[in-house]
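To start, the structure under review is shown below, and the notes come after it.
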Amino acid sequence: MDRLQSMRLYTRIVELGSFTAAADDLNLPRATVTHAIKQLEVRLGAQLLQRTTRRVRATRDGETYYGHCVRLLADMDEVETDFREAVVQPKGRLRVDLPVSLARRLVIPALPEFFARFPQIELDIGTGDRFVDLVREGVDCVLRIGELGDSGMVGRRVAMLEQVTVASAAYLRRHGMPDSLAALHDGHLAVNWASPTTRRCEPLEFVVGRRRREVALPGRVTVSGVDAYLGCCEAGLGIAQMPRYRISEALANGSLREILPAHPPPSLPMTVLYPQQRQIPARLRVFVDWLVELTAGRN
């Protein structure tokens with residue numbers, strides 16, 4: 001019999017005043033109850049109960065121990081109740097980290113619906129594109145766009161984001177609209193994207209048939225932040241490639257124009273990462289499921 005069981009048994013003996021009544025109440029053999037209390041008294045080094053022919057009473061040490069048992073068992077019951085309720089109605093604080101543009105344009109506008117569905121969950125949202133050490137920083141999950149290296153985290157792909165190749169209307173007036181991949185080498189410039197982790201400049205990528213084609217263009221500016229990347233493109237500094245959702249308004253109003261739609265860039269995977277754990281908290285599970293639902297249809 002473990003310590004928790006011994007505590008529950010002891011409190012019932014004190015409350016019922018009888019070994020036999022406690023044994024019947026807990027559906028235990030009388031001999032098991034007697035042996036368990038003897039072991040408990042030996043372990044504590046104190047006599048807890050005084051036995052008479054008619055009733056069992058707690059000693060002074062036994063009354064002190066009984067008070068501790070009642071408080072500890074009440075706390076344990078409360079914790080277990082909270083966890084059982086959390087499975088039915090997830091609750092608690094969840095720390096997440098999201099890319100800036102994805103948070104602002106997609107996730108945050110949909111949060112009222114999430115909170116209406118899960119009113120007992122609180123979100124602590126960080127935004128950025130930097131590497132996040134989930135375990136050291138106490139972050140429950142991160143959402144990332146693009147191919148990811150081996151991080152030791154559990155990864156669940158939630159969507160594939162369509163990308164487009166674009167340039168500003170002003171840029172195209174100066175350089176012309178390219179009608180083929182070969183035409184890109186006729187005086188065109190790129191806003192060069194440098195990976196925030198490797199600092200290596202990435203070429204433009206296009207899907208031709210079933211193959212990927214890389215096109216490296218010269219550029220006057222190199223950036224490693226998504227806002228700067230978009231800003232440079234809007235300023236007419238070169239051609240860029242980015243997810244369609246991020247620039248849907250600019251495409252609609254004509255400030256940015258799509259280039260070579262017959263050869264789009266490869267779609268970008270969107271993945272949620274969280275630490276490996278034996279049991280995923282309900283609040284994390286429902287948030288990840290909600291992200292999958294939110295991004296459905298954006299492939």
Side-chain angles (χ1 to χ4, degrees), residues 98-110 126-130 143-147 159-270 294-295 297-299:
L98 308 172
V100 176
S101 61
L102 195 67
R104 180 168 58 87
R105 295 179 179 273
L106 180 62
V107 178
I108 290 176
T127 56
D129 298 287
R130 67 179 181 86
L143 190 62
R144 289 294 177 258
I145 297 174
E147 298 293 342
M160 293 294 291
L161 297 178
E162 179 190 0
Q163 286 201 99
V164 289
T165 306
V166 294
S168 72
Y171 172 90
L172 292 174
R173 283 195 296 269
R174 293 194 303 271
H175 297 271
M177 173 69 79
D179 57 7
S180 66
L181 295 185
L184 290 173
H185 295 288
D186 187 17
H188 282 283
L189 302 172
V191 177
N192 285 323
W193 170 261
S195 165
T197 53
T198 67
R199 302 302 302 174
R200 185 174 72 89
C201 285
E202 305 289 346
L204 300 176
E205 286 190 314
F206 300 88
V207 176
V208 180
R210 295 186 177 182
R211 294 187 176 184
R212 293 190 181 194
R213 286 272 304 275
E214 294 186 352
V215 176
L217 295 179
R220 297 193 179 100
V221 61
T222 300
V223 299
S224 57
V226 293
D227 284 342
Y229 188 58
L230 175 57
C232 288
C233 183
E234 290 176 326
L237 298 177
I239 296 169
Q241 294 179 324
M242 59 194 75
R244 184 179 292 276
Y245 82 87
R246 186 180 296 162
I247 54 173
S248 57
E249 294 177 6
L251 288 171
N253 64 32
S255 59
L256 291 181
R257 295 181 61 186
E258 185 173 0
I259 294 173
L260 300 171
H263 303 301
S267 295
L268 284 175
M270 183 163 62
L294 178 66
T295 55
R298 294 182 180 270
N299 299 30

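All heavy atoms count here, side chains included; hydrogens, waters and symmetry mates do not. Numbering of residues begins at 1 and proceeds along the displayed sequence.
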From CA spacing to verdict: side chain to side chain contact (heavy atoms under 4.5 Å, CB included), L256, V164 = CA-CA 11 Å; L256 291 181; V164 289; over 6 Å; no
Note: R257 and G254 closest approach over all heavy atoms is CG-O, 4.0 Å
Value for CZ (R220) from CG (L189), rounded to nearest 0.5 Å, stands at 5.0 Å
A103 and P109: which non-hydrogen atoms are nearest, and at how many Å?
-> O-CD, 3.8 Å
Considering only heavy atoms from C-beta outward, does the side chain of P99 approach that of V226 to under 4.5 Å?
-> no
Counting only heavy atoms not in D186, do more than 12 fall under 6.0 Å of its CG?
-> no
List the steps, then state whether side chain to side chain contact (heavy atoms under 4.5 Å, CB included) holds for H185 with V215.
-> CA-CA 9 Å; H185 295 288; V215 176; 3.9 Å; yes
Partners of S180 by side-chain hydrogen bond (donor to acceptor under 3.5 Å, both in side chains), sequence neighbours excluded?
-> none
Heavy-atom pair with the smallest gap, counting every atom of P178 and I259 | CG-CG2, 3.5 Å
Atom CD in E214, atom CZ in R211: separation rounded to 0.5 Å?
-> 14.0 Å
Between CD1 on residue I247 and OG on residue S101, distance to nearest 0.5 Å | 11.0 Å
How far apart are the C-alpha atoms of I239 and H175, what are their side-chain angles, what is the distance that settles it, and do they pass the side chain to side chain contact (heavy atoms under 4.5 Å, CB included) test?
-> CA-CA 11 Å; I239 296 169; H175 297 271; over 6 Å; no
Indicate yes or no: at least one non-hydrogen side-chain atom of R244 is less than 4.5 angstrom from one of L251.
-> yes
Worked check of side chain to side chain contact (heavy atoms under 4.5 Å, CB included) between Y229 and V221 = CA-CA 9 Å; Y229 188 58; V221 61; over 6 Å; no
Check: H263 main-chain N/O paired with R213 side-chain donor or acceptor under 3.5 Å = no
Distance (rounded to the nearest 0.5 Å) between L217 CG and L184 CG | 5.5 Å
Drop me the distance from R144's CZ to M270's CE, to the nearest 0.5 angstrom.
-> 12.0 Å
For residues P266 and F206, report the shortest heavy-atom separation together with the two atoms involved.
-> CD-N, 4.4 Å
Answer yes or no: is there an ion pair linking E202 with R200, defined by an N-O contact shorter than 4.0 Å?
-> yes
For the residue pair Y171 and H188, does the interplanar ring angle fall in the parallel (under 30°), tilted (30 to 60°) or perpendicular (over 60°) class?
-> tilted
Enter the distance from T127:OG1 to L143:CG here, rounded to the nearest 0.5 Å.
-> 12.5 Å
E205 to Q241 - nearest heavy-atom pair and separation = O-NE2, 2.8 Å
All heavy atoms of S168 vs all of C233, minimum pair found to be CB-O, 3.4 Å
